[in-house]
Amino acid sequence: MHHHLLQSLRLCATSSNPFPGKTLHAHILKLGLDQYGALPNTLISIYSKHGLIKDAHHLFDEMPQRDPVSWASILTAFNRANLPNRSISIFPNMFVHDCLQPDHFVFASLLNSCAALNALHLGRQVHAQFVLSAFSSDDITKSSLVDMYVKCGAVDIARAVFDTICLKNSVSWTAMISGYARSGRKLEAVEILRDMKVQSLFSWTALVSGLIQSGHFVSALRLFVEMKQEGIKIVDPFILSSVLGASANLAALELGKQVHCLVTKLGFESSLYVCNALIDMYAKCSDIIAAKIAFRYTIKKDVVSWTSIIVGLAQHGKAKEALALYDDMILTGLKPNEVTFVGLIYACSHVGLVNTGRDLFKSMVDDYGLNPNLQHYTCLLDLYSRSGYLDEAENLLNTMPFEVDEAVWASLLSACKRFGKTQMGIRVADRLMGLGVEDPSTYILLSNAYAGASMWENVAKVRKLMVVTDVKKEPGYSCVHLGKETEVFYAGETGHPMKNEMRVLLEDLDEEMRKRGYVPDVSYVLHDMGKQEKENQLFWHSERLAVAYGLLNGVPGSVIRVVKNLRVCGDCHTVLKFICSIVGREIVVRDASRFHHFKDGKCSCSDFW
DNA sequence: GTAGGGTTAG
């Protein structure tokens with residue numbers, strides 16, 4: 001009888017709905033067989049596989065006789081329900097109530113909970129118990145130890161355990177590879193992969209996506225190409241969404257398009273992860289139109305899809321569209337998350353919708369129970385600053401429940417300059433001086449603020465501090481993407497083979513700009529030097545070189561796409577507005593914090609960044 | 001005496 005029921009239960013476990021299992025449970029109860037170990041244990045696991053954690057827990061509680069299998073089942077059930085802390089808190093009862101000792105299955109489940117909780121200390125304790133137990137040679141538990149140490153960031157301990165595994169399977173190898181890759185230890189990660197006899201898509205995915213997580217985009221992409229050459233079949237779209245993420249981070253539009261083609265070729269265009277990655281990739285590669293198309297083609301949209309396009313539109317200065325899409329999203333019944341609100345408040349700051357932004361901030365807390373983080377406060381602050389509500393901004397800065405860094409104060413300082421709030425500017429500047437300044441552009445702001453109030457002693461103090469702290473500007477560079485080719489330019493006179501053509505073009509443009517009223521703003525130059533020399537510095541800024549090169553070599557009439565590592569300098573921003581209207585071309589610059597679409601003499605950022 | 005439970009990438 002038991003065997004027959006167990007067979008049926010096993011079938012239920014593979015079924016996609018829980019009702020056959022529940023019916024059998026009722027049947028078992030009627031027969032009074034629920035006391036027999038294997039039957040309730042199987043039921044616990046069926047319930048948990050169908051997400052019915054309450055039923056699983058209830059059954060576990062009611063069991064008169066529990067054994068280690070019951071314990072392994074309930075711990076796994078909590079882990080599966082994303083409640084690893086429940087596993088940890090219930091576990092001591094295994095000794096206290098049931099007088100049982102954990103076996104290797106229980107250890108593996110516990111380690112899984114520790115990994116999910118990032119609880120290294122606890123994990124080490126479980127490790128110690130495991131070593132002292134009768135199961136200390138179990139390889140699978142050792143694999144979960146490797147995984148736990150990796151997830152807690154203790155990669156070297158993970159490696160030590162990994163080396164003691166007698167029969168390594170694909171799971172142990174993959175865990176170790178992903179550990180090295182996610183902590184950016186590329187060489188070691190690759191070495192482990194090379195040691196594997198049978199490499200799978202899994203192991204390559206761990207390597208490539210781990211490296212992408214740790215910011216090693218280019219190495220990851222090279223390895224992805226190598227994987228394809230090795231003939232590994234991409235039977236699962238996971239790695240493709242990772243690679244799309246890398247393209248997005250590198251703003252590599254052509255690469256992203258190629259991966260998009262691969263997605264279509266392999267038939268993964270309906271995978272939600274892939275669709276969301278495509279929306280984000282196109283937006284970050286500054287092709288917001290393609291991002292909108294990708295969004296439209298996403299059949300089953302989730303919060304991430306909506307949020308990706310809302311944030312994308314907001315960053316590209318299309319605030320109205322972003323806010324309109326939010327209304328559509330709410331109509332579909334989806335709940336926005338923290339990231340959605342960052343995009344929305346950011347959008348408001350672009351069009352000066354102070355009240356809408358403030359309402360959204362309130363709605364996030366009151367209607368959706370979300371906790372505003374530093375990013376939300378920074379966006380709100382931006383909204384106040386750029387709309388000229390500087391008292392509100394200063395008040396918010398002084399009352400918000402977060403430690404505020406230099407960049408945030410600096411942005412308020414720059415708003416003070418813009419709106420001519422000299423007194424507040426000095427107050428903020430003094431604050432910044434007390435905070436300690438590292439960013440060279442902050443020094444410029446400080447020096448300008450004091451100079452504007454004729455506080456020459458303080459100007460001298462800032463200069464002196466700059467020398468003492470030996471401020472070095474991170475070298476600025478700009479890349480211009482022309483089809484499959486990319487050129488990189490650093491600030492300063494270039495040694496590029498086309499240097500002369502570029503100089504002539506920039507000089508011609510300079511002449512035309514001056515006719516149209518351009519006056520170089522040398523206040524953006526950090527170094528102490530004469531006016532002419534400062535203008536010369538500006539002339540060779542990397543974003544101008546990139547644009548000049550794009551104009552000379554790009555397809556006539558096409559959009560010029562530039563990616564800069566730092567923020568666009570204020571003077572260059574003015575210059576690019578002139579250039580786009582002189583040459584009648586659209587120029588898109590992605591800088592360290594946002595996108596600038598220069599078109600018809602205007603920029604999508606409305607001159608605030 | 002047997003079943004039943006564990007580990008990998010967003």
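Every chain is numbered from 1, with letters handed out A, B, ... down the list of sequences. Small disclaimer: the values here were computed from a predicted structure and weren't measured.
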Minimum-distance nucleotide to A:Ala38 side chain [options: B:dA3, B:dT7, B:dA9]: B:dA3
More than 12 heavy atoms of other residues, nucleotides or ligands under 6.0 Å from NZ of A:Lys318: is that the case? no
For A:Asp156, what residues pass the salt bridge (charged side-chain N to carboxylate O under 4.0 Å, His left out) criterion, not counting sequence neighbours? A:Arg185
Considering only residues two or more places apart or on different chains, which pairs with a residue in residues 217-244 of chain A satisfy side-chain hydrogen bond (donor to acceptor under 3.5 Å, both in side chains)? A:Arg194-A:Glu226
Using a 3.5 Å cut-off and no angle test, enumerate the donor-acceptor pairs between side-chain atoms of residues 245-262 of chain A and protein atoms at least two apart in sequence or in another chain.
from: A:Ser247; atom 1: OG; to: A:Val243; atom 2: O; distance (Å): 2.9
from: A:Asn249; atom 1: ND2; to: A:Gly245; atom 2: O; distance (Å): 3.2
from: A:His260; atom 1: ND1; to: A:Tyr282; atom 2: OH; distance (Å): 2.8

Which listed nucleotide (B:dG6, B:dA9, B:dG4) is nearest to the side chain of A:Ala206? B:dA9
Using atom CG of A:Leu193 as one end and atom P of B:dA9 as the other, report the distance to the nearest whole Å. 16 Å
Can you list, by residue number, the residues of residues 133-145 of chain A that have a non-hydrogen atom closer than 4.0 angstrom to DNA chain B? A:Asp138, A:Ile140, A:Thr141, A:Ser143, A:Ser144
Summary of ring-ring contact (aromatic ring centres under 6.0 Å, His included) pairs that have at least one residue in residues 111-150 of chain A, sequence neighbours excluded: A:His104-A:Phe135, A:Phe107-A:Phe130, A:His127-A:Tyr149
Using a heavy-atom cut-off of 4.0 Å across all strands, would you classify A:Thr205 as base, sugar-phosphate, or nothing? base
Show me the donor-acceptor pairs within less than 3.5 Å that the side chains of residues 84-102 of chain A make with the rest of the protein, sequence neighbours left out.
from: A:Arg86; atom 1: NH2; to: A:His57; atom 2: ND1; distance (Å): 3.3
from: A:Ser87; atom 1: OG; to: A:Leu75; atom 2: O; distance (Å): 3.3
from: A:Ser87; atom 1: OG; to: A:Asn79; atom 2: OD1; distance (Å): 3.1
from: A:Ser89; atom 1: OG; to: A:Asn85; atom 2: O; distance (Å): 3.2
from: A:Ser89; atom 1: OG; to: A:Arg86; atom 2: O; distance (Å): 3.1
from: A:Asp98; atom 1: OD1; to: A:Arg66; atom 2: NH2; distance (Å): 3.3
from: A:Asp98; atom 1: OD2; to: A:Arg66; atom 2: NE; distance (Å): 2.8
from: A:Asp98; atom 1: OD2; to: A:Trp71; atom 2: NE1; distance (Å): 2.8

Please list, chain by chain and in numerical order, all residues satisfying ring-ring contact (aromatic ring centres under 6.0 Å, His included) with A:His316, sequence neighbours excluded. A:Phe595, A:His597
Mind checking if A:Lys151 touches a base, just sugar-phosphate, or nothing, with heavy atoms under 4.0 Å? sugar-phosphate
Rounded distance (Å) that lies between atom P of B:dA9 and atom CD of A:Gln199: 18 Å
Could you tell me which residues satisfy side-chain contact (heavy atoms from CB on, under 4.5 Å) with A:Phe162, sequence neighbours excluded, listed by chain and number? A:Val146, A:Arg159, A:Ile165, A:Lys168, A:Ser172, A:Trp173, A:Met176, A:Ile192
Polar side chain donor-acceptor pair, A:Asp147 to A:Ser144, under 3.5 angstrom: no
Which residues satisfy the ring-ring contact (aromatic ring centres under 6.0 Å, His included) test with A:Phe105, sequence neighbours excluded? none
Do A:Trp173 and the base of B:dT8 stack face to face, with centres under 5.5 Å apart and an angle between planes under 30°? no
Going by heavy atoms closer than 4.0 Å, what residues in residues 100-112 of chain A are next to DNA chain B? A:Asp103, A:His104, A:Phe105, A:Ala108, A:Ser109, A:Asn112
Rounded to whole Å, how long is the line connecting atom CG of A:Asp98 with atom P of B:dG5? 19 Å
Which part of the nucleic acid, if any, lies within reach of A:Arg182 when heavy atoms closer than 4.0 Å are counted: base, sugar-phosphate only, or nothing? sugar-phosphate
Just grab all the ring-ring contact (aromatic ring centres under 6.0 Å, His included) pairs involving residues 178-210 of chain A, residues at least two apart or on different chains. none
Using a heavy-atom distance cut-off of less than 4.0 Å, which residues of residues 248-285 of chain A contact DNA chain B? A:Tyr273
